[in-house]
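All figures in this text were calculated on a predicted structure; none of them were measured in a lab. Only heavy atoms go into these numbers, but all of them, side chains included; no hydrogens, no water, no symmetry mates. Proteins come first, then strands; the chains are lettered A, B, ... in the order of their sequence lines, and each starts at number 1.
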2 protein chains.
Amino acid sequence: MAYSYEHPRPSVTVDCVVFGLGDSYDLRVLLIERALDPYQGFWALPGGFVRLEEGLEAAARRELHEETGVRDVFIEQLYTFGALDRDPRGRVISVAYYALVNLSEHPVKASSDARHAEWFKIEELPELAFDHKEILKKAIERLRAKVLYKPIGFELLPEKFTLTDLQKLYETILGQKLNRRNFRSKILKMDLLEELEKQTNVAHRPALLYKFNKEKYEELSLREGEFIFEIRFQPRDGRDENEEE
Amino acid sequence: MAYSYEHPRPSVTVDCVVFGLGDSYDLRVLLIERALDPYQGFWALPGGFVRLEEGLEAAARRELHEETGVRDVFIEQLYTFGALDRDPRGRVISVAYYALVNLSEHPVKASSDARHAEWFKIEELPELAFDHKEILKKAIERLRAKVLYKPIGFELLPEKFTLTDLQKLYETILGQKLNRRNFRSKILKMDLLEELEKQTNVAHRPALLYKFNKEKYEELSLREGEFIFEIRFQPRDGRDENEEE
DNA sequence: TCAAAAGTGTTTAGTTTACACCCATGC
DNA sequence: GCATGGGTGTAAACTAAACACTTTTGA
């Protein structure tokens with residue numbers, strides 16, 4: 001079956017930059033190995049063609065689920081890439097999304113549909129297909145910028161987390177050591193974390209677990225101007241409590 | 001001539017939200033009156049179909065120029081709109097851009113190509129075609145947010161401006177009165193304005209004219225973390241120097 | 001009892017806010 | 001000479017930064 005139009009049309013795809021946090025709080029991105037022709041064997045962002053009967057975000061979620069098994073996650077539009085030569089098959093415009101997931105709840109899927117998905121550390125990326133390196137770069141920039149003024153970082157953590165988890169997350173994303181005491185007081189002063197029970201089975205003083213109170217945040221941010229989420233610290237020199245002496 | 005594809009494809013358009021500042025520092029947007037069928041006679045954002053041989057931003061600039069005569073302006077991608085029913089002609093995905101221009105240098109064009117373009121105050125908009133109201137809403141949100149941390153507001157002013165011009169611009173966009181002394185010191189402390197000559201022919205003490213030093217800003221912002229452009233004030237209650245008692 | 005991370009409070013420095021009067025010009 | 005907006009400095013309040021020791025647990 002063929003489809004005919006009076007004027008030529010580009011193809012439209014979606015691509016997803018899925019971020020997760022590794023065991024050592026290193027930032028990772030979920031890639032798939034391309035089984036088919038252009039860039040066969042290369043690693044690429046999960047994505048594919050938009051169907052006429054689905055919205056853009058829906059297409060991104062569908063492709064993400066089909067190709068990696070990941071679903072029901074935080075996802076947001078990133079940017080639309082439309083360079084003339086970005087796809088050897090012709091004019092393909094790609095609407096990119098980025099997603100944040102708790103990696104431990106989305107380990108590499110058991111390749112159910114023959115495609116191969118894997119989490120890569122941001123600093124150890126393979127060569128990527130198409131202009132996916134550029135898309136990823138933009139996604140990292142966006143994540144770095146947005147984490148400062150929107151509480152999206154929590155999407156990378158499990159529901160219950162310690163303040164140290166949260167701090168390490170920020171340190172990873174911002175690429176900067178933060179002072180523990182100042183971080184804790186800044187975060188707690190916003191009063192958006194719900195205190196839960198203590199950790200168990202750790203070989204040191206157990207930390208309190210917290211949960212992000214999304215409802216409260218949303219209510220507060222409606223009151224324009226009165227409340228501003230902001231995590232920003234002066235550039236620091238990484239020291240803190242340097243034992244002895 | 002017809003174009004045939006194996007799979008159905010959406011159409012792709014670009015739309016431009018062009019902002020300008022009116023005489024009384026009111027925010028305005030440039031609209032065109034639709035001459036053709038869907039929504040004929042309605043006001044709409046300038047825009048149109050992307051050609052296969054041009055990039056997205058190039059398409060936005062081309063349509064903007066063709067439909068309104070405006071060219072060589074600050075333009076940036078806003079968001080891509082792809083709701084299934086946003087265009088009665090079928091599936092049309094629109095990549096929206098926003099532009100900032102100095103309105104006095106881009107008055108309503110003399111309708112050279114029969115299309116009619118006009119500047120509308122943001123608060124006195126006509127009914128718009130398609131989902132253009134939604135696009136415009138998103139553009140205003142973006143402008144409000146971005147003006148706080150990027151020096152894009154200058155794009156709305158003539159090259160030479162007074163600090164009062166700049167302050168009124170911020171007051172318009174933020175919808176908030178600012179304190180004159182604090183605004184001045186904050187702006188001047190960033191040391192990004194070049195002092196020029198005095199105003200002439202004003203019936204009061206002439207103000208100094210300034211010029212935004214874009215080169216300096218760009219150089220400074222490369223040094224990551226060291227320099228941060230930021231205009232943000234606590235919500236205020238609009239008073240200042242309330243003369244006499 | 002040791003190792004390992006959690007937790008905490010205060011002083012200091014820096015930044016932001018609030019605020020009132022004189023100045024330069026055109027009419 | 002008067003009306004109009006331009007221009008300025010400082011004290012007070014607040015916020016952010018720096019910093020070291022004690023606590024709790026499992027092994």
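Distance CZ (A:F183) to C1' (C:dA5): 16 Å, rounded to an integer number of Å. Atom CG of A:L166 is separated from atom C1' of C:dA5 by 16 Å (rounded to the nearest Å). Put simply, CD on A:Q167 is 12 Å from P on C:dG7, counting in whole angstrom units. At whole-Å resolution of the value, CZ in B:F161 and C1' in D:dG6 are 16 Å apart. Rounded to an integer number of Å, the gap from CD of A:E230 to P of D:dT15 is 13 Å. Following rounding to the nearest Å, A:N182 (CG) and D:dA20 (C1') show an atom-to-atom distance of 14 Å. The distance between atom CG of A:D165 and atom P of C:dG7, rounded to the nearest whole Å, is 11 Å. Following rounding to the nearest Å, A:R180 (CZ) and D:dC19 (P) show an atom-to-atom distance of 15 Å.
Considering B:I140, B:V18, B:I122 in turn, B:I122 is the only one that fulfils the side-chain contact (heavy atoms from CB on, under 4.5 Å) rule with B:V29.
Not a single donor-acceptor pair, N or O on each side, falls under 3.5 Å between the base of D:dG7 and the side chain of B:R184. In terms of polar N and O atoms assigned as donor or acceptor, the side chain of B:R181 never comes within less than 3.5 Å of the base of D:dG7 in a complementary pairing.
Nucleic acid contact class of B:T162 (heavy atoms, under 4.0 Å, all strands): none. Residue-level contact check: B:S185 touches neither bases nor backbone, having no heavy atom under 4.0 Å from any strand. Contacts of B:L208 with the nucleic acid, taken as non-hydrogen atoms under 4.0 Å apart, involve only primed sugar atoms and P, OP1 or OP2.
With A:N182 contributing its side chain and A:N179 its backbone, the two residues share no donor-acceptor pair below 3.5 Å.
Between the side chains of A:E57 and A:Y97, no donor N or O sits under 3.5 Å from an acceptor N or O.
The side chain to side chain contact (heavy atoms under 4.5 Å, CB included) search around B:D191 returns B:K216, not counting sequence neighbours.
We find the NZ-CG distance between A:K133 and A:L136 to be 9.5 Å, quoted to the nearest 0.5 Å.
Listed here is the closest heavy atom pair of B:I32 and B:A117: CG2-CB, 4.0 Å.
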Query raised in the report: Base, backbone or nothing for each nucleotide of nucleotides 22-27 of chain D, written B, S, -, heavy atoms under 4.0 angstrom, 5' to 3'?
Result: -BBBS-
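For A:F212 and A:Y210, the ring centers are positioned 6.0 Å apart or more.
Mapping A:K189 and B:L188 onto DNA chain D by nearest heavy atom places B:L188 at the nucleotide closer to the 5' end.
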